[in-house]
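Since we're looking at a predicted model, the values are computed, not measured.
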Amino acid sequence: MSSTAGLVIPCKAAVAWEAGKPLVIEKVEVAPPQAMEVRVKIMYTSLCHTDLYFWEAKGQTPLFPRIFGHEASGIIESVGEGVENLQVGDHVLPVFTGECGDCAHCKSEESNMCDLLRINTDRGVMLSDGKPRFSIKGTPINHFLGTSTFSEYTVVHSGCLAKINRLAPLDKVCILSCGISTGLGATLNVAKPKKGSSVAVFGLGAVGLAAAEGARISGASRIIGIDRNPKRFEEAKKFGVNEFVNPKDHDKPVQEVIAEMTNGGVDRSLECTGNINAMISAFECVHDGWGVAVLVGVPNKDAVFMTKPINVLNERTLKGTFFGNYKPRTHLPSVVDMYMNKELEVEKFITHRVPFSEINKAFDYMVKGEGLRCIISMEE
């Protein structure tokens, strides 16, 4: 047992007190883990667009004060009652979704959408007792996505932790706990392009580039990047993208442009923006008879997908994916191993690094659209 097991740990955390305002480094108290919970010392965390979206609180019910953060790596400090598969000292990646192992989804080989631990953006407390583990002088502080990694210590349900190879560098593999795995898995697990095939990727942010990386690993010969920001094209070449289309350069729908480029359509497409028009284009640009389109980006909840039924009848397939169809505990360790075996290149996603005290710089980079991933070092 660690010397701090069972005790409240005072530590630093970056607290969001209100929407869109800079985070404040505060001294918080982190309670011990309860049943089926684990307390983790966060070593490195990074900023994902989901953190930014809920920090801005423009499209959902705001919940403040809150500790954001869900892409991270850490080391287990203590475990709660009933936790059997994790122990003090294990290296882990906290994940915004989980794997309880008991529900119908967890028992199915075809799903990773755990009934108990599926993403819940509105919940600011732990499942076991409906209370947060963070407080400041008695004032409760809300959790985010069950992870809250913008804190030196956090408490996470054991089903939301992937135990990984201890030799893996935590300052790099931390980014595999969300966006990169989402894009990578969307290609490798869902689109499954064959060697020599053509793949279109809509949106060349971090998730889209991870999808392109999956196409590169699969041996696709044509990887077409579609983005309205031409500044992203040069960077995308590092991820195997070898052709580019800017929809703004054409006076016809982009799906028609791609169909003309590829003699009828691409073999696979991945939509990584959440824009409903891009989703329709991604589906309509795949080849009839065998084309598969995968929706990765998250649209507005009221958005409606419309296409002509003949596009489906002509043997095009439309699929969706959640976290790249990876079960966090079962599959994420193997994604880390892909990096360790030099099959997956992670370093090229990391464009900035800042100490924890300068975490607001990471938000500035993302708001300005600069770079892909910013690694925040908790130990400065």
Any residue meeting ring pair (Phe, Tyr, Trp, His ring centres under 6.0 Å) with His287, in chain and number order, not counting sequence neighbours: Trp290
Whether Ser111 side chain and Ser108 backbone form a donor-acceptor pair below 3.5 Å: no
Minimal non-hydrogen separation, Leu372 against Phe239, with atom names: CD1-CZ, 3.9 Å
From CD1 (Ile280) to OG1 (Thr307), nearest 0.5 Å: 7.0 Å
Carboxylate-amine/guanidinium contact Glu29 Lys137, below 4.0 Å: no
Polar side-chain atom of Ser73 near backbone of Thr45 as donor-acceptor pair, under 3.5 Å: no
Exercise: identify the closest heavy-atom pair between Leu188 and Gly214: CD2-O, 3.5 Å
Pairs where residues 213-236 contributes a residue and the test ring pair (Phe, Tyr, Trp, His ring centres under 6.0 Å) is met, not counting sequence neighbours: Phe233-Phe244
Spacing of Asn242 atom CG and Ile223 atom CD1 [to the nearest 0.5 Å]: 6.0 Å
Sidechain-backbone polar pair: Asn275 side chain, Ala278 backbone, donor-acceptor under 3.5 Å: yes
Within one Ile-Leu-Val-Met-Phe-Trp-Tyr cluster: Leu47 and Val367, side-chain cutoff 4.5 Å: yes
Flag side-chain contact, heavy atom, 4.5 Å: Ile136 against Lys27: no
Minimum side-chain heavy-atom gap Ile67-Thr154 below 4.5 Å: no
Carboxylate-amine/guanidinium contact Lys308 Glu284, below 4.0 Å: no
Single-linkage hydrophobic cluster, 4.5 Å side-chain cutoff, Val24 and Phe150 together: yes
Thr330 side chain to Glu99 side chain, donor-acceptor N/O pair below 3.5 angstrom: yes
CA sep, side-chain torsions, deciding dist, call: Glu345, Lys238, salt bridge (charged side-chain N to carboxylate O under 4.0 Å, His left out): CA-CA 10 Å; Glu345 298 173 15; Lys238 299 177 187 174; over 6 Å; no
Heavy-atom pair with the smallest gap, counting every atom of Leu270 and Val296: CD2-CG2, 4.4 Å
Rounded distance (nearest 0.5 Å) linking atom CG of Asn325 with atom OG of Ser181: 12.5 Å
Side-chain (Ser148) to main-chain (Phe144) donor-acceptor, under 3.5 angstrom: yes
Rounded distance [0.5 Å steps], CG in Asn189 versus CG in Leu184: 7.5 Å
Spacing of CZ belonging to Arg222 relative to CD1 belonging to Ile258, to within rounding of 0.5 Å: 10.0 Å
Shared hydrophobic cluster, Ile175 / Met43 (ILVMFWY, side-chain heavy atoms < 4.5 Å): yes
Backbone N/O of Gly159 and side chain of His157: donor-acceptor pair under 3.5 Å: yes
Rounded distance (nearest 0.5 Å) linking atom NE2 of His105 with atom OG1 of Thr97: 10.5 Å
Minimum side-chain heavy-atom gap His143-Arg66 below 4.5 Å: no
Identified side chain to side chain contact (heavy atoms under 4.5 Å, CB included) counterpart of Val92 within the set Ile164, Leu170, Leu86, Val156: Leu86
Test item: Leu176 and Val336 side chains (from C-beta on) under 4.5 Å apart, heavy atoms: yes
Geometric cation-pi criterion Lys12 and Phe356, 6.0 Å radius, 45° cone: no
Heavy-atom pair with the smallest gap, counting every atom of Ser151 and Val28: OG-CG2, 4.3 Å
Joint hydrophobic cluster, Phe363 plus Phe64, side-chain heavy atoms closer than 4.5 Å: yes
Phe283 and Thr317, any side-chain heavy atoms less than 4.5 Å apart: no
pair Arg316-Asn314: side-chain heavy atoms closer than 4.5 Å: yes
Sidechain N-carboxylate O distance under 4.0 Å for Glu358, Arg353: no
Test item: side-chain donor near acceptor, His70 and Asp51, under 3.5 Å: yes
Ring geometry between His352 and Tyr365 (parallel below 30°, tilted from 30 to 60°, perpendicular above 60°): parallel
Donor on one side chain, acceptor on other, Glu271 and Ser269, under 3.5 Å: no
From CA spacing to verdict: side-chain contact (heavy atoms from CB on, under 4.5 Å), Asn246, Arg228: CA-CA 5 Å; Asn246 184 341; Arg228 301 174 72 87; 4.2 Å; yes
Tyr326 backbone acceptor or donor facing Asn112 side chain under 3.5 Å: yes
Sidechain N-carboxylate O distance under 4.0 Å for Glu77, Arg39: yes
Minimum side-chain heavy-atom gap Cys160-Phe96 below 4.5 Å: no
Side-chain (Thr139) to main-chain (Ser135) donor-acceptor, under 3.5 angstrom: no
Short side-chain to backbone donor-acceptor contact, Lys361 and Val354, under 3.5 Å: no
Linked, directly or transitively: Ile226 and Val241 (ILVMFWY side chains, under 4.5 Å): no
Centroid separation Phe68 to Trp55 less than 6.0 Å: no
Exceeds 12 heavy-atom contacts within 6.0 angstrom, atom NZ of Lys131: no
Polar side-chain atom of Asn142 near backbone of Pro65 as donor-acceptor pair, under 3.5 Å: yes
Glu37 and Ser158 side chains, donor-acceptor separation under 3.5 Å: no
Any Glu347 side-chain heavy atom under 4.5 Å of Lys172 side chain: yes
Worked check of side-chain contact (heavy atoms from CB on, under 4.5 Å) between Lys41 and Met378: CA-CA 9 Å; Lys41 178 178 174 62; Met378 304 305 287; over 6 Å; no
Test side-chain contact (heavy atoms from CB on, under 4.5 Å) applied to Met340 and Asn165, step by step: CA-CA 9 Å; Met340 296 298 284; Asn165 184 339; 4.2 Å; yes
Smallest separation among heavy atoms of Val79 and Ile76, with atom names: CG1-CG2, 3.8 Å
Closest non-hydrogen atom pair between Val95 and Ser177, with its separation: CG1-O, 3.9 Å
Donor-acceptor contact present, side-chain Arg118 to main-chain Leu116, <3.5 Å: no
